[in-house]
Amino acid sequence: MNRVILMGRLTRDPEVRWSRGERAIAIARYTLAVDRRGRRNQEGNFKQTADFINCVAFDRAGEFAEKHFSQGQRILISGRIQTGSYVNKDGQKVYTTEVIVDEQEFADSRGHSAPTERPAQGTDIGDGFMSIPEGIEDEGLPFT
């Protein structure tokens with residue numbers, strides 16, 4: 001089974017091209033910055049890293065991406081991983097990996113843009129939710 005689900009932020013506006021032929025379709029390419037789980041460094045602080053995943057959306061999904069997606073938005077996609085290769089102008093073989101998008105949607109509420117700063121722990125982060133301070137154990141939470 002080849003299925004992937006990702007949530008991340010768009011690194012730039014989608015780049016859209018149109019196919020040629022009897023029925024032209026939109027082909028949207030964009031890159032998602034997907035956070036990895038942080039690791040503690042020597043000082044005990046978390047170091048956040050991200051993977052940059054190339055995505056391709058075809059036809060109506062491509063048109064939707066062109067019309068509604070922009071840099072910094074957090075989106076959720078599902079699709080399949082596709083690998084390929086080509087020989088570049090220097091004669092070297094280049095391997096590619098990208099996600100072919102089946103479904104895509106906004107992961108934030110309307111008008112919510114990329115955060116400029118991470119909210120302090122224990123503060124309201126919008127949409128009626130609060131960030132949970134570090135050190136709080138799961139046993140005090142109602143949904144465990």
Side-chain angles (χ1 to χ4, degrees), residues 1-136 138 141 143-144:
M1 178 186 297
N2 181 354
R3 192 77 179 151
V4 63
I5 299 170
L6 299 170
M7 183 169 54
R9 293 203 181 271
L10 292 165
T11 61
R12 64 182 190 282
D13 292 349
E15 178 183 309
V16 180
R17 297 188 182 185
W18 292 84
S19 68
R20 295 182 185 191
E22 197 171 305
R23 182 180 168 264
I25 64 168
I27 303 166
R29 294 183 177 276
Y30 52 83
T31 302
L32 278 185
V34 179
D35 288 337
R36 289 186 189 176
R37 283 196 172 184
R39 293 183 180 216
R40 289 192 187 271
N41 61 17
Q42 292 175 345
E43 293 82 35
N45 299 323
F46 276 101
K47 179 183 177 191
Q48 191 69 39
T49 59
D51 291 304
F52 297 89
I53 313 292
N54 295 321
C55 304
V56 183
F58 293 95
D59 206 13
R60 289 188 179 195
E63 291 176 36
F64 182 88
E66 178 181 37
K67 187 174 182 181
H68 299 289
F69 288 170
S70 60
Q71 180 178 355
Q73 283 181 317
R74 193 165 59 142
I75 64 170
L76 178 67
I77 67 164
S78 66
R80 63 185 168 84
I81 294 176
Q82 180 171 292
T83 61
S85 64
Y86 64 92
V87 177
N88 69 12
K89 62 183 177 185
D90 298 328
Q92 296 176 328
K93 194 167 194 175
V94 177
Y95 295 94
T96 62
T97 302
E98 56 194 10
V99 173
I100 305 302
V101 176
D102 293 328
E103 300 176 61
Q104 58 190 3
E105 60 187 70
F106 300 103
D108 287 326
S109 61
R110 186 176 207 157
H112 193 270
S113 60
T116 54
E117 268 183 41
R118 189 177 190 131
Q121 292 179 346
T123 59
D124 183 11
I125 58 174
D127 293 346
F129 291 97
M130 251 185 163
S131 65
I132 300 172
E134 291 212 21
I136 299 292
D138 289 346
L141 298 176
F143 46 83
T144 58

Rounded to the nearest 0.5 Å, what separates atom [atom1] in [X] from atom [atom2] in [Y]?
X: Tyr86; Y: Gln92; atom1: OH; atom2: CD; answer: 10.5 Å
X: Ile5; Y: Ile77; atom1: CD1; atom2: CD1; answer: 10.0 Å
X: Arg29; Y: Asn54; atom1: CZ; atom2: CG; answer: 8.0 Å

For residues [X] and [Y], report the shortest heavy-atom separation together with the two atoms involved.
X: Gly62; Y: Ala26; value: C-CB, 4.0 Å
X: Ser19; Y: Ala24; value: O-CB, 3.3 Å
X: Arg12; Y: Thr31; value: NH1-OG1, 3.1 Å
X: Ser85; Y: Thr96; value: N-OG1, 4.1 Å
X: Glu66; Y: Val16; value: CB-CG2, 3.4 Å
X: Ser70; Y: Asp13; value: CA-OD1, 3.2 Å

* To do: Please name all residues satisfying salt bridge (Lys or Arg N to Asp or Glu O under 4.0 Å) with Arg60, sequence neighbours left out, ordered by chain then number.
  =>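 For Arg60, no residue satisfies salt bridge (Lys or Arg N to Asp or Glu O under 4.0 Å) once neighbours in sequence are set aside.
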* **Residue among Ile53, Leu76, Ile75 satisfying side chain to side chain contact (heavy atoms under 4.5 Å, CB included) with Leu6** =>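 Of the listed residues Ile53, Leu76, Ile75, the side chain to side chain contact (heavy atoms under 4.5 Å, CB included) partner of Leu6 is Ile53.
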* To do: Report the C-alpha distance between Tyr30 and Gln104 in whole Å, list the side-chain angles of each, state the deciding distance to 0.1 Å, and finish with yes or no for side chain to side chain donor-acceptor pair (under 3.5 Å).
  => CA-CA 12 Å; Tyr30 52 83; Gln104 58 190 3; 2.7 Å; yes
* Asked: Around Arg20, counting heavy atoms of other residues, nucleotides and ligands shown, do more than 12 lie under 6.0 Å from its CZ?
  ->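 Not more than 12 within 6.0 Å, no.
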* Asked: Near Arg17 CZ, under 6.0 Å, is it more than 12 heavy atoms from other residues, nucleotides or ligands?
  ->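 Count not over threshold, so no.
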* Is it true that Asp108 and Arg9 make a salt bridge, defined as a side-chain N closer than 4.0 Å to a carboxylate O? ->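 Looking at Asp108 and Arg9, the cut-off is met.
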* **Check: Asn2 side chain, Ile81 main-chain N or O, donor-acceptor pair, under 3.5 Å** =>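 Judged by distance alone, yes, a pair lies under 3.5 Å.
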* For Gln82, check side chain to side chain donor-acceptor pair (under 3.5 Å) against everything at least two apart and list the hits. =>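 In terms of side chain to side chain donor-acceptor pair (under 3.5 Å), with neighbours along the sequence ignored, Gln82 is linked to Arg80.
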* Check the pair Leu32 / Thr11 against side chain to side chain contact (heavy atoms under 4.5 Å, CB included), numbers first and verdict last. => CA-CA 6 Å; Leu32 278 185; Thr11 61; over 6 Å; no
* Asked: Do Trp18 and Glu63 come within less than 4.5 Å of each other through their side chains, counting heavy atoms only?
  ->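 When only atoms from C-beta onward are counted, Glu63 and Trp18 do touch, with a gap below 4.5 Å.
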* To do: Under the salt bridge (Lys or Arg N to Asp or Glu O under 4.0 Å) rule, what do Asp59 and Arg23 come out as? Steps first, then yes or no, please.
  => CA-CA 10 Å; Asp59 206 13; Arg23 182 180 168 264; 3.0 Å; yes
